[in-house]
Amino acid sequence: TLTYTNMIHCMCLKGKVDDALCFLDEMINKNYTPDVVDYTVVISGLCKRGRMEQAYEILEKMQKNGCEPSVWTYNHIIDGLCIVGQVEAALEWVRVMQNGGFDPNIYTYTILIDGLCKVGKLDWAKEIFDEALGMGLKPNVVTYNALLNGHCKGGKLNEALTLIEDMYQTDCEPDRVTYTTLLQGLVKGSRFSEALSVHDEMEEKGYEVNLQTLNSLARGLCREANHKDASRLFKRMQQRGYAHDATNYYLWIHSCCMAQEMEAAQTLLYEMMSNSYTPNIMTYNTIIKGFCKQGRLDDATKMINFMLENGTNPDIVSYNILIKEFFKQGRVNDAHQLYAAALERGVVPS
RNA sequence: GACAUAUUUCGAAAU
């Protein structure tokens with residue numbers, strides 16, 4: 001029995017639900033009796049993948065075999081329905097479990113709140129939240145985070161900030177997820193000074209700001225042409241020994257180019273290559289555009305050649321930028337020459 | 001012994 005239980009758990013953890021299903025069947029066929037947890041783990045695995053029909057089958061099977069489902073069993077069913085977007089059906093199951101004599105716990109409510117938020121029903125989610133309070137349940141960080149995420153995604157940033165206040169007032173300490181969610185929301189709403197404060201607060205409190213979040217903040221700052229804060233962010237990353245990725249390098253280079261700091265941009269290009277990141281076409285084009293902006297057309301031309309040497313073919317954009325600039329400066333011959341070269345390489349500039 | 005939450009890619013030329 002122990003072996004089967006272990007196998008079922010293991011398979012579900014690895015995402016091999018079908019194998020877990022086989023073990024469960026085999027267990028029953030050999031007249032062992034799986035317990036609630038065995039059944040629930042399998043149901044959980046199925047629900048996480050939205051395979052609700054099969055989850056129902058197992059639920060029926062367990063009841064037929066005289067095994068009572070627990071709150072957790074129901075929670076997984078409810079979660080699965082939320083995952084496939086059937087929140088109404090999920091709410092229906094809450095009633096089913098109540099009729100069966102089980103009180104929903106804070107996990108049940110958190111699942112519902114998250115589900116409602118993910119389909120944009122924020123007011124409803126708030127109602128469920130209040131209902132949980134009315135039941136004497138204490139919302140935890142995850143409950144708040146789910147509600148917070150919904151409000152951030154829905155652009156309700158002021159409400160989101162109010163939620164943070166509530167958290168402090170109810171002694172629910174915000175965690176890394178709270179801050180990351182808020183930071184992402186503020187970036188999405190272009191509220192960069194607040195986003196930067198959240199970022200600083202995270203650093204102060206020792207919460208890790210992940211690379212994706214840093215990149216999206218940096219991208220927002222670049223969009224706003226806020227080179228000062230962007231470069232502060234990049235430099236801080238370097239100080240703290242964060243690893244850069246290709247996107248991060250691209251954004252940094254882009255930021256430098258916009259600020260006309262071409263030497264820095266070039267240094268970063270070499271640095272990223274020596275760290276074995278391959279610059280993409282946008283990284284190169286940003287640099288070409290940066291040189292053009294400064295009228296350094298020969299450097300821009302060199303960059304085209306550098307690309308060719310390093311196995312990245314300049315695209316229509318690369319050529320367009322430079323040809324246009326040649327014309328602007330009255331270097332008609334160079335423009336024509338580059339156009340011809342582009343054609344030879346199979347690109348037709350417009 | 002099983003359970004819930006967030007995680008960029010809206011980016012470069014032209015138009």
Side-chain angles (χ1 to χ4, degrees), chain A residues 1-2 5-6 8-10 12-13 20 34-45 47-48 70-80 82-83 104-115 117-118 125 139-153 160 174-185 187-190 207-220 222-223 245-248 250-251 253-255 257-258 279-290 292-293 314-325 347 349-350:
Chain A
T1 312
L2 205 61
T5 299
N6 285 338
I8 290 171
H9 285 232
C10 192
C12 281
L13 271 179
D35 67 3
V36 215
V37 178
D38 298 325
Y39 282 113
T40 304
V41 170
V42 176
I43 289 177
S44 160
C47 289
K48 281 259 177 290
S70 70
V71 184
W72 291 312
T73 319
Y74 286 109
N75 281 352
H76 284 295
I77 298 274
I78 293 166
D79 191 28
C82 287
I83 287 171
N105 59 19
I106 193 61
Y107 285 71
T108 321
Y109 279 103
T110 303
I111 292 166
L112 289 172
I113 289 165
D114 183 48
C117 282
K118 294 229 163 99
N140 58 29
V141 212
V142 181
T143 318
Y144 273 108
N145 286 348
L147 201 54
L148 182 74
N149 181 43
H151 284 82
C152 284
K153 292 268 159 69
D175 65 1
R176 201 181 85 238
V177 176
T178 317
Y179 284 113
T180 305
T181 306
L182 181 63
L183 180 42
Q184 294 274 6
V187 168
K188 201 173 163 229
S190 298
Y207 289 119
E208 188 206 330
V209 186
N210 62 37
L211 198 56
Q212 290 102 311
T213 306
L214 278 168
N215 282 347
S216 90
L217 177 56
R219 173 165 283 144
C222 284
R223 211 189 320 145
D245 64 0
T247 306
N248 195 255
Y250 158 70
L251 289 168
I253 289 171
H254 184 47
S255 171
C257 289
M258 289 197 309
N280 62 14
I281 194 85
M282 290 168 290
T283 308
Y284 284 117
N285 286 348
T286 281
I287 296 175
I288 292 172
K289 197 189 169 195
C292 284
K293 216 158 43 178
D315 68 353
I316 181 166
V317 177
S318 329
Y319 289 112
N320 279 348
I321 303 170
L322 193 46
I323 290 173
K324 187 185 159 198
E325 205 57 31
V347 180
S350 43

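To find a chain, count down the sequence lines: A is the first, B the second, and so on, and within it residues start at 1.
One donor-acceptor pair, N or O on each side, does fall under 3.5 Å between the base of B/rG1 and the side chain of A/Asp35. For A/Arg223 against B/rC10, a side-chain-to-base donor-acceptor contact under 3.5 Å is present. Residue A/Asn140 places a side-chain atom within donor-acceptor reach of the base of B/rA4, judged by atom type and a 3.5 Å distance cut-off alone. For a distance-only test at 3.5 Å, the side chain of A/Asn149 fails to qualify as a donor-acceptor partner of the base of B/rU5. The base of B/rA12 lies close enough to the side chain of A/Asn285 for a donor and an acceptor atom to sit less than 3.5 Å apart.
A donor-acceptor pair shorter than 3.5 Å cannot be found between the side chains of A/Thr181 and A/Asn145. Between the side chains of A/Lys153 and A/Asn149, at least one donor N or O sits under 3.5 Å from an acceptor N or O. For the 3.5 Å distance criterion, the side chains of A/Thr180 and A/Thr213 fail to qualify, holding no donor opposite an acceptor. Under 3.5 Å, the side chains of A/Asn215 and A/Thr247 contain no donor-acceptor pair of N or O atoms.
Checking the phosphate oxygens (OP1, OP2) of B/rA13, a side-chain nitrogen or oxygen of A/Lys289 falls inside 4.0 Å. A sub-4.0 Å separation between OP1 or OP2 of B/rU8 and a side-chain N or O of A/Lys188 is absent. For B/rC3, neither phosphate oxygen OP1 nor OP2 lies less than 4.0 angstrom from any side-chain nitrogen or oxygen of A/Lys48.
Across the protein-nucleic acid pair, A/Ile288 atom CD1 and B/rA14 atom C1' stand 15 Å apart, rounded to whole Å. Atom CD in A/Gln184 sits roughly 17 Å away from atom P in B/rU5 (whole-Å rounding). In this structure, A/His76 places its NE2 atom 4 Å from C1' of B/rC3, rounding to the nearest Å. Here the P atom of nucleotide B/rA12 and the NZ atom of A/Lys293 are 12 Å apart, to the nearest Å. The nearest whole Å value for the distance from the CG atom in A/Asp38 to the C1' atom in B/rG1 is 9 Å. For the pair A/Ile77 CD1 and B/rC3 P, the interatomic distance rounds to 16 Å; values are reported in whole Å. Counting to the nearest Å, the C1' atom of B/rA4 and the CD1 atom of A/Ile106 are 10 Å from each other. One interatomic measurement links the two molecules: CG of A/Asn320 to P of B/rA12, which rounds to 15 Å at whole-angstrom precision.
Checking B/rU8, B/rU5, B/rA13 against every side-chain atom of A/Ser216, the shortest atom distance belongs to B/rU8. Across B/rC3, B/rA13, B/rU5, the shortest atom-to-atom separation from the side chain of A/Asn75 is found for B/rC3. Here the nucleotide nearest the side chain of A/Lys153, chosen from B/rU7, B/rA4, B/rA13, is B/rU7. Side-chain proximity of A/Arg219 to the nucleotides B/rC10, B/rG1, B/rC3 is greatest for B/rC10. Nearest nucleotide to the side chain of A/His9, out of B/rU8, B/rA12, B/rG1: B/rG1. Residue A/Asp315 places its side chain closer to B/rA12 than to any other of B/rU5, B/rA12, B/rU9. In the set B/rG1, B/rU5, B/rA12, the nucleotide with an atom closest to the side chain of A/Tyr250 is B/rA12. Side-chain proximity of A/Asn210 to the nucleotides B/rU7, B/rA13, B/rG1 is greatest for B/rU7. If you check B/rA6, B/rA12, B/rU5 against the side chain of A/Arg176, the one that comes closest is B/rA6.
A/Thr110 comes within 4.0 angstrom of a nucleotide base, judged by non-hydrogen atoms across all strands. Across all strands, A/Val37 comes closer than 4.0 Å to base atoms (heavy-atom distances). Heavy atoms of A/Thr5 sit under 4.0 angstrom from at least one base atom. Among the heavy atoms of the strands, none lies under 4.0 Å from A/Ser44. Nucleic acid contact for A/Asn280: base, since at least one base atom lies under 4.0 Å from a heavy atom of the residue. At a threshold of 4.0 angstrom between heavy atoms, the contacts of A/Thr213 with the nucleic acid are absent. Looking at heavy-atom distances under 4.0 Å, A/Thr283 makes no contact with the nucleic acid at all.
A/Tyr39 and A/Pro34 make their closest contact through CE1-O, 3.6 Å (heavy atoms, listed as atom of the first residue, atom of the second, distance). The shortest heavy-atom contact between A/Pro174 and A/Tyr207 is O-OH, 3.2 Å.
Nowhere does RNA chain B pair in an unbroken run of 3 or more (Watson-Crick or G-U, both distances under 3.5 Å).
A/Cys47 is not listed as a side-chain neighbour of A/Asp79, based on a closest heavy-atom distance of 4.5 Å or more. Contact check for A/Val37 versus A/Thr40: no side-chain heavy atoms found under the 4.5 Å cut-off. A/Pro314 has its side chain within reach of A/Tyr319: a pair of non-hydrogen atoms, C-beta onward, lies under 4.5 Å apart.
With sequence neighbours excluded, the residues satisfying side chain to side chain donor-acceptor pair (under 3.5 Å) with A/Asn140 are A/Thr143.
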